[in-house]
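Everything on this sheet refers to the single structure shown next.
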Amino acid sequence: MREIRVLHVGMTPNYGGLESFVMNIYRNIDRSKVQFDFLTLYGDKIAYEDEIIAMGGKVYPILYKRRDVVKHFLYLPFNFFKKHREIQIVHFHKSHLADLDYLIVAKMCGVPVRIVHAHSSGYIFPLGKIAKFTEKMNKKYINKLATHKLSCSDLAGKWMFDDLSYEVVPNAIDIDKFKFDTNKRDKMRKELNLDNKFVVGHVGTFFDVKNQTFLVDVFKEFLKKRSDAILLFIGEGPMKNEVVEKVHKLNLDDKVIFTGSIKNVNEYFQAMDVFTLPSKFEGFPIVSVEAQTAGLPCVVSSNVTKEIAITDQVFFRSIENVDDWVDTLLDISNKNKRYDNVQKIRDAGYDIKTMSKQMEQFYIDAVKHCYR
C-alpha cells in the first residue's frame, strides 16, 4: 500500500493544545505508512513548521486579500485539491461548524476521507447571527459532508454534533516527557530565580475564554496569605496586553512572569507548585493532562469537563468565587506536595505511543474502506 497523506487544516502559529495534539501524533506514527501535510491561511509560520518539514511533511499556505473573498471561495480551494490528488484524507480541526467551505470543496473534489474533529465546547470568538444560522444548517448536512466525526471529549462532541454519533479521541501526551523530575525542577527554578517561591502556573493562549484576568484577581488575594508566591503565565494571544496592564495597575509586576510562547512547556511544569485553569469553557484541555503527569495539583474552573480529572488532585472551583480559589490554593501550598501520577495517566489511555498507533490504524482503515 502506498503512503497515505493526511492534510491537517486548523493549525495556527500558536504553540497551543491543538498544535501539541497533532504534533504528538505526528512524531509517533510510522511516517512510511502515514504522512502529514498542513494547510494554513496564516501569513506567519505555523507552530512547529521547521520540525514538520524535517519529518517529511509539507506546509501549504493559501493566502488571500480581504477584497478577494470571491476568489478565495470559488477558486483557491478547488485549485488546491485538484492539484494535490495525492491527499486521501483531510482532517479538519474545528471549534465550531459555521465555516465548512473547505470541507465542502474537499467533498466536491473527491477527497475520499473527510474528518471533522471537535476541539471546543463553546465559541472561542462570538458568532454573528448569519454565522450561527450557517452553523445550524451545516449541522443538518454534516453527515453528508464528513465521513468521520471525532471529538476531544464527550462535552465537546455533544456541543458540536448534538445528537449525532462521534468518536472520542483522547488528547494523549508523551508521558515520559512530562513526568516529574527533581533534577529538572531544581534546574528550572534556579534559571527562573524561583528558589524558595511558591509558583502558581498557567498555560494557555490569551483569549477571553481562558479567563486569565480572573486568575490575576485570585493571585492578588492569594498574595495576602502567601507573600512568597509567584504567578507564571505561559502563552501568547490577543488579550495578553490587557492582562499585562492589569498586573501593572495592581502593582504585581515583580510577582508575575510572562514567558510568551515557548516550546519547552514540559520543563516549566517542573518549576510549578500548582497548575491553574480558570477557563469559561474548554473542549478538553491537553495542558491538564500534562500538568497531572508532572505530578501537579490542579485548580480548574467548574465549567471545564470533568473528564480531565484523571487523578484525584484536580479541584474544580467556580469562577464566580475568588475566595474559593484562594482557599484551595492556600490548602495546596500548605501541603506543597508532588504526586507520582504516571501510571494513572498511562492506564487511562493518555499515552501518546498507544494513541498514535490507534490513529495510524484509523487512517489506514478509513482509506481501505473507501476503496472496497
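Residues: numbered from 1 along the sequence shown.
Not a single donor-acceptor pair under 3.5 Å links the side chain of K246 to the backbone N or O of D217. Using modelled atom types, no side-chain atom of D331 and backbone atom of D327 make a donor-acceptor pair closer than 3.5 Å. The backbone N or O of G57 sits nowhere less than 3.5 Å from a side-chain atom of R31 that would complete a donor-acceptor pair. Looking at S151, its side chain never comes within 3.5 Å of a backbone N or O of V168 through a donor-acceptor pair. K344 contributes no side-chain N or O that, together with a main-chain N or O of I310, makes up a donor-acceptor pair within less than 3.5 Å. D162 contributes no side-chain N or O that, together with a main-chain N or O of L164, makes up a donor-acceptor pair within less than 3.5 Å. Between the S318 side chain and the E320 main chain, a donor and an acceptor come within less than 3.5 Å of each other. A donor-acceptor pair under 3.5 Å is absent between the side-chain atoms of K263 and the main chain of A47, judged by distance alone. Without hydrogens or angle criteria, K107 side chain to K144 main chain gives a donor-acceptor distance under 3.5 Å. Under a 3.5 Å cut-off, the side chain of R346 and the backbone N or O of D351 do not form any donor-acceptor pair.
The distance from atom CG of N336 to atom CZ of F198, rounded to the nearest 0.5 Å, is 6.0 Å. Rounding to the nearest 0.5 angstrom, the gap separating the CD1 atom in I364 from the NZ atom in K33 is 5.5 Å. Expressed to the nearest 0.5 Å, how far CD of E19 lies from CD of E49 amounts to 12.5 Å. Note that NE2 of H119 and OG of S153 are 10.5 Å apart. Values are rounded to the nearest 0.5 Å. Remark: I352 CD1 to D174 CG distance equals 8.0 Å, nearest 0.5 Å. A distance of 8.0 Å separates CD1 of I332 from SG of C298, quoted to the nearest 0.5 Å.
Cluster membership for M272 and V299, using ILVMFWY side-chain heavy atoms within less than 4.5 angstrom, is not shared. In the hydrophobic clustering of ILVMFWY residues, with side-chain heavy atoms under 4.5 Å counting as a link, I234 and L215 come out apart. Tracing side-chain contacts under 4.5 Å through hydrophobic residues (I, L, V, M, F, W, Y), one never reaches V300 starting from L329; they form parts of separate clusters. Tracing side-chain contacts under 4.5 Å through hydrophobic residues (I, L, V, M, F, W, Y), one reaches V289 starting from M355; they form part of the same cluster. One hydrophobic cluster holds both V59 and V22 under the rule that ILVMFWY side chains link at heavy-atom gaps under 4.5 Å.
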List the steps, then state whether side-chain contact (heavy atoms from CB on, under 4.5 Å) holds for I286 with N24.
CA-CA 11 Å; I286 195 170; N24 281 341; 4.0 Å; yes
Using the rule given for side-chain contact (heavy atoms from CB on, under 4.5 Å), can you reason through R5 versus H84, listing the C-alpha separation, both sets of side-chain angles and the distance that settles it, and then say yes or no?
CA-CA 10 Å; R5 297 203 78 94; H84 295 283; over 6 Å; no
Test log, rule side-chain contact (heavy atoms from CB on, under 4.5 Å), inputs Q35 and V6
CA-CA 6 Å; Q35 180 58 258; V6 181; over 6 Å; no
Checking side-chain contact (heavy atoms from CB on, under 4.5 Å) for the pair V169/F362: CA distance, chi angles, key distance, verdict?
CA-CA 11 Å; V169 177; F362 169 80; over 6 Å; no
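Ring-plane geometry between F233 and F258 is classed as parallel, the angle between the planes falling under 30 degrees on a 0 to 90 degree scale with a further cut at 60. Below 30°, between 30° and 60°, or above 60°: for F284 and Y350 the angle between ring planes is below 30°, a parallel geometry. The aromatic rings of H117 and H91 lie parallel to each other, their planes meeting at an angle below 30°, with 60° marking the opposite boundary.
For the residue pair A271 and L192, the shortest heavy atom distance occurs at CB-CD1, 4.3 Å. Looking at every heavy atom in both residues, G260 comes nearest to E236 through CA-OE2, 3.3 Å. Of all heavy-atom pairs between Y268 and L232, the closest is CD2-CD2, 4.1 Å. Residues P278 and K210 approach most closely at CG-O, 3.6 Å, considering heavy atoms. Nearest approach of M11 to T40, heavy atoms of both residues: O-OG1, 4.4 Å. Closest non-hydrogen pair, M359 versus I25, comes out as CG-CD1, 3.8 Å.
Using a 4.0 Å cut-off between charged side-chain N and carboxylate O, K139 and D163 make no salt bridge. Salt-bridge annotation for K45 and D50: present, with a side-chain N of the basic residue lying under 4.0 Å from a carboxylate O of the acidic one. The pair D37-K58 fails the salt-bridge criterion, with no side-chain N (NZ, NE, NH1 or NH2) lying under 4.0 Å from an Asp/Glu carboxylate O. Comment: D154 does not engage K306 in a salt bridge, judged by the lack of any side-chain N to carboxylate O separation of less than 4.0 angstrom. Using a 4.0 Å cut-off between charged nitrogen and carboxylate oxygen, K335 and D273 do not count as a salt-bridge pair. With respect to D181 and K187, no salt bridge is recorded, no charged nitrogen being found less than 4.0 Å from a carboxylate O.
Applying the side-chain contact (heavy atoms from CB on, under 4.5 Å) criterion to M239, with sequence neighbours excluded, gives F206, D208, E242. With sequence neighbours excluded, no residue forms a side chain to side chain donor-acceptor pair (under 3.5 Å) with S356.
Looking at heavy atoms from C-beta onward, I104 lies out of side-chain contact with Y141 at the 4.5 angstrom threshold. Put simply, the side chain of F222 does not reach to within 4.5 Å of the side chain of L231, judged on heavy atoms. Counting only heavy atoms from C-beta outward, the side chains of L252 and L223 approach each other to under 4.5 Å. Side-chain contact between I262 and Y15 is absent, with no heavy atoms from C-beta onward closer than 4.5 Å. R189 places a side-chain heavy atom less than 4.5 Å from the side chain of V199. By the 4.5 Å heavy-atom criterion applied to side chains, I175 and K353 are not counted as neighbours. Looking only at side-chain heavy atoms (C-beta outward), H96 and D99 come within less than 4.5 Å of each other. Using a 4.5 Å heavy-atom threshold, the side chains of L296 and Q313 count as separate.
Atom NZ of K83 sits in a sparse spot, with 12 or fewer heavy atoms from other residues, nucleotides or ligands closer than 6.0 Å. Atom CG of N193 has 12 or fewer heavy atoms from other residues, nucleotides or ligands within 6.0 Å. Under a cut-off of 6.0 angstrom, the local environment of NZ in K158 is sparse, with at most 12 non-hydrogen atoms contributed by other residues, nucleotides or ligands.
When ring centroids are compared, Y26 and H8 stay outside the 6.0 Å threshold. Residues H202 and F219 keep their aromatic ring centres 6.0 Å or farther apart. Separation of the F214 and W325 ring centroids falls under the 6.0 Å cut-off. Proximity of the aromatic rings of Y339 and F180 is defined here by a centroid distance below 6.0 angstrom, and this criterion is not met. If you look at Y102 and F92, their ring centroids are not closer than 6.0 Å.
Side-chain N/O atoms of E282 and T305 include no donor and acceptor closer than 3.5 Å.
Sorted by first and then second residue, the side chain to side chain donor-acceptor pair (under 3.5 Å) pairs with a member in residues 286-297 read Q292-T311; sequence neighbours excluded.
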